[in-house]
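A short worksheet on the structure shown next.
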Amino acid sequence: MKRYNPSEIEPKWQQRWDETKLYAARDDDPRDKFYYLVEFPYPSGDGLHVGHVRSYTALDIMARYKRMQGYNVLYPIGYDEFGLPTENYAIKHKIAPQAATARNVATFERQLRALGLGFDWDRQVHTSDPKYYRWTQWIFLQLYKRGLAYQAELPINWCPFEKTGLANEEVVNGVHERCGTPVEKKLLKQWVLRITRYADRLAEDLKTVDYLDRISSQQINWIGRSEGAEIEFTVGGEHETKDSLKFTPELTRLIQAGTKTSTIRLEPKQLVEGDYAKLITRISKDEVQAFAVAKITRVETAKLKDVPLEQEGHEPYASQDEKLKDFQKFYGTTVTDETEFTTYHFEVVAPIVTVYTTRPDTLAGATFLVLAPEHAAVRTITTADQRAEVEAYLKKTQSESEVARQETDRPKTGVWTGAIAKNPITGRDMPIWVADYVLASYGTGAIMAVPAHDERDFAFAKAMNQQFLEAEGPEYLASRPAPYITIAPVIEPIAGTPHGDDHEKEAIVAVVHNPKTNETLLLDWGPRHSNWGGMLFIGGGVEPGEDLVKAAEREIAEETGYTRVKFVRQTEVPVNNYYYSNVKHRHDKARMYGLLFELVDETQVATNMDEGEKNKFTVTWVPDDEVFSTVNDGGHEIIYRMLMREEAFPGEGVLIHSGQFDGLVGIEAKRAITKWLFDQGIGRGATKYKLRDWIFSRQHYWGEPIPIVHCAVCGAVPVPEDRLPVELPAVKSYEPTDTGESPLAAIADWVNITCPQCDGPAKRETDTMPNWAGSSWYWLRYTDPHNDMVFADSAKLAYWTPVDLYNGGMEHTTLHLLYSRFWHKFLYDEGLVPTPEPYARRRSHGMILGPDNVKMSKSRGNVINPDKVVDEYGADTLRLYEMFMGPFDEQTAWSDERLNGVSRFLYRVWTLAQDLLAAPGATTAAPSGDQGAFEAEIDRAVHKTLKKVHHDIEGMQFNTAVSAFMELINTLTKAETKARLLLPESAGLRQRSLRTLVLMLAPFAPHVAEELWHDLGESDSVHVAGWPQYDPELIKDDIVTIVVQVNGKVRANILATPETTEAELTELARADANVVKYLEGATIVKTIVVPRKLVNFVVKP
RNA sequence: GCGGAUGUGGUGGAAUGGUAGACACGCUAGCCUUAGGAGCUAGUGGGGCAACCCGUGAAGGUUCGAGUCCUUUCAUCCGCACCA
């Protein structure tokens, strides 16, 4: 018999498939298309990983399956070649990165081919090929043209080990995600991509695509949209401002640095001497921020040509022409030398601090402001008295590493700046603090602190007050001067659900504690229902005018008989509790104050309850540590928390102490206060995102050069598109520098160039792009990989995109996946791609762990090398095993034993097939009735498998598809079955069963299937054969097992035909001996019959 | 803390609300032998001699019937995290 030898058949067929270009996708094809995409590999020196195999095999199966179904399938591959690991490898081995890449890519391609993966090899893309990165640079220039790529001097994340800047997404817990080095902050001029402009759409459009839940939620989480309000606080004074004066960032900085007087030129405004104006600066297209109030001291009007060349906050202009250009840049091209400008001389009278909050409803409870240490206003607002202390604090926070600052649970620290603002609702003073628990990078870098309703502010207030008291002594407590922080509750909690007709009353909740036994008194009202019953404290109404403590003492005595109790404390605010009164039988709303009592002694008198209350509850003592888990009423739980724990109440509720806003709840309160702020001209609704702009510069050699030229005269000038690509020069040394400058900067004859605009001397940008650049559009290039005219032909894009299914690792969810969606959306806005989203469906394969159930790593030595597995078992075994391991999207550990099990399966397939092939041919005898039944049974098994495999491939449940194969093989190889299959009269059955088996196995184990297919006498490839349709008629069972239950418990199995009627089934079931036993002496209340499945008798004794 | 997911034999894992544990690994016993990374047969959730009983993290609920649906809760994993 022909032996199964994978090392022989696999290379043979791989070569044949390659020669016949079996997997070439056709661009001009009337058939429907499918575009399957896997994340192209980074060709590291380690070679292919078993994780790649899992992903690539799964989509290979789907691609082959769709091809067999007659679709035009695109399943491409390429290499993501730029990046630091290759650069480091090259430096270490003293070879060019280009050479290292070429070598690694060759290894990858060999490995991919050895797995029998059906990629369209002619479409391979290489991101470090100038023919490819020419278009990466081209897309960058389009971004630049639209203002989505800009340069900014930013304190960026700097990895001191790899000596490069990093994107936010590459920093995990304060360390660089790739090398684990603690990240430092470094101030560098950077290229940045304005991904934040797409934040909303990146989140919103997730609704239009089919991504795994955990992928879209992770992206939404990362984008971190939040709705709230910006509120302006004027420091140390109030002034009626008439208008605003817009500033350049340079002037803004100057004033923030402490310059008190300045001038600004603007087109005429209605401001006169003595007016107050708000100074604003533009942050982005639709975002401005106020930063100070200024008093106009003098107003002059002059034509631009008469404006002097020297101006405050500016380098002096070299010429009249240069001055004009600059003004045009700022005020628009309608400006000429004759345009009249009004010059305002002013004096800064009060800095403005703008804060961002998601809780404008708590504004009245804001008792102080906090600025991040990096906030520009810190310098201007700090008073002389506090300067030394503030400086010291700023120094201290600067010296702390990012890692330390990111630790949670660290004690709150901060310093008062000496400055005061006013709360716009209450008019109370709000000391302004600097503290590092406020992040400069989020919102406006400043917050209004509401200690009563925010945990962090609460912790800060506690810590600062403590410090203050220790320093100043308790006598200060009485007067509580400036920096002492007041904790002012402005929200009453709500529990339960209003019914509209709720009967309102004032009430108390008495918590009685017995200090001797450490137990607390509870009333057990029976089983808890939706809004009544359960375990509660003592509750009761308050008579009009009655003292709360008196009322509580009365209720304690009435309901429990205890009279000797001592009042300890009460809650500051009541809880609005909506509940159902089981005593009065109506919906009640109680404004409940919590009161804590201690039991003095156990003296008890007779209880004195209302008629309605009698026998409704029992009194129980519960150990203190079980009280929280025992009380099961929302309102009572809140009361208990407020009494026992010192903490903020962060929930929403009814506003109090908020002036005109009292009584408003939740979202209504937020809206009302936001609107009021807007009307007052001191605030507005605002949306903020956690997502930051994408730091796009890398100070390294091995990346796409950023196609920009810096000219002394023209500034940053894009390299003209017809001069792309800007190729990487050959250099001797690839080492990164310590200065934050790319090694490219050292290559004088590359760097020095003439300006494309003015032909003057200029220098090239020496930063390169991050390795995420090339992968941000590669799926588009696959549709037209050799085009020299455009990045991809629009007709081809229209045919192939969007990608129907994109599979890749979870680790790319907030990196590559987000970046590529951003680029795609931009290209869509430019009319360059046909769809707003690149990928219709995104799935993620689970990680393959080492045999020891931990992540594979070289240092652990638990890495499985796919080459070795292919050598020992063959590619088909590896493919099939990785599909069989477990659910595709869940992580699972490698197991050699199970691999072996799959290998055994393939041997069994092979042996069975060879046996069937060698069996004697057909006889002329017509099949007997018995033979017909046998054939029906085998056909049924085959077609059931076919149906399941079809279903499982569509649903990416590859593990159960493989199980189905195994089951079928088990059925077919059963001694008796197999013997009959080999008989001459089974020749036809044998033939068609084997054909179908081979066809359905083809996507999974392409080599074995191909070999057997040819053994069956076929000359074309099995992979271009049509996918077999299952026949629903053949699947129908002639006999079904009916489960008979009595009261839901299985008591018998009976056999019946699918056509047996319900009545017949019931009769058959009742006749079964075992069922009879259970029905004896009982009455059948109900009979449930599920056709073809079950009969259930519901009986009563 | 927020968001997401997952809890089923000794193990990986199956189960459109209808016989829980398919398939595979491992294990036990036996057979066979052209000693192979074999193959074949039988068994393998727990308890019980048996009839039967119990069993899908826990507790409730809906249902004739729940691993599956609902509520509460616990545990584990992943992501984010002083994001105001």
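What you see below is based on every heavy atom in this structure, not just the backbone, and it leaves out hydrogens, waters and symmetry mates. Order of the sequence lines sets the chain letters (A, B, ...), proteins ahead of strands, with each chain counted from 1.
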I want to verify the glycosidic state of B/G65; is it syn or anti under the 90° rule?
anti
With rounding to whole Å, what would you report as the distance between [N] and [M] at their [atom1] atoms?
| N | M | atom1 | value |
| --- | --- | --- | --- |
| B/C25 | B/U62 | P | 44 Å |
| B/A42 | B/G55 | P | 31 Å |
| B/G79 | B/U71 | P | 28 Å |
| B/A20 | B/G67 | C1' | 7 Å |
| B/U73 | B/C82 | P | 26 Å |
| B/G3 | B/G48 | P | 47 Å |
| B/C2 | B/C64 | C1' | 42 Å |
| B/G4 | B/C52 | C1' | 44 Å |

For [N], which nucleotide in any strand shown is its Watson-Crick or wobble partner with both distances under 3.5 Å?
| N | result |
| --- | --- |
| B/G36 | none |
| B/C49 | none |
| B/G60 | B/C70 |

Any donor-acceptor pair under 3.5 Å linking the side chain of A/Y881 with the backbone of A/S895?
yes
For A/I491, is there any backbone N or O sitting under 3.5 Å from a side-chain donor or acceptor partner on A/H453?
yes
Is there a donor on the side chain of [X] or the base of [N] sitting less than 3.5 Å from an acceptor on the other?
| X | N | value |
| --- | --- | --- |
| A/K412 | B/C82 | yes |
| A/Q218 | B/G3 | no |
| A/K974 | B/U41 | no |

Which part of the nucleic acid, if any, lies within contact of [X], taking any heavy atom under 4.0 Å across all strands shown: a base, the sugar-phosphate backbone alone, or nothing?
| X | answer |
| --- | --- |
| A/N959 | sugar-phosphate |
| A/N1096 | base |
| A/V1050 | sugar-phosphate |
| A/T1041 | base |
| A/T960 | sugar-phosphate |
| A/R692 | nothing |
| A/E455 | nothing |
| A/Y1078 | sugar-phosphate |

Who pairs with A/K462 by salt bridge (Lys or Arg N to Asp or Glu O under 4.0 Å), at least two apart in sequence or on another chain?
A/E646
Nearest heavy-atom contact between A/A893 and A/N853 is CB-OD1, 3.6 Å
Does a nitrogen or oxygen in the side chain of A/N970 sit under 4.0 Å from OP1 or OP2 of B/A24?
yes
Does B/C23 have OP1 or OP2 sitting under 4.0 Å from an N or O in the side chain of A/R904?
no
Can you work out whether A/M885 or A/G1048 has the more 5'-proximal nearest nucleotide on RNA chain B?
A/M885
Which residue lies more 5' along RNA chain B, comparing A/N221 with A/Y873 via nearest heavy atoms:
A/Y873
Within a 6.0 Å radius of atom CZ on A/R940, are there more than 12 heavy atoms belonging to other residues, nucleotides or ligands?
yes
Above 12 or not: heavy atoms from other molecules or residues under 6.0 Å from NZ of A/K947?
no
Check A/R410, A/K412, A/K396 against A/D436 for a salt bridge (Lys or Arg N to Asp or Glu O under 4.0 Å) and give me the one that passes.
A/R410
Whole angstrom value for the distance that separates P of B/C77 from CE of A/M810
17 Å
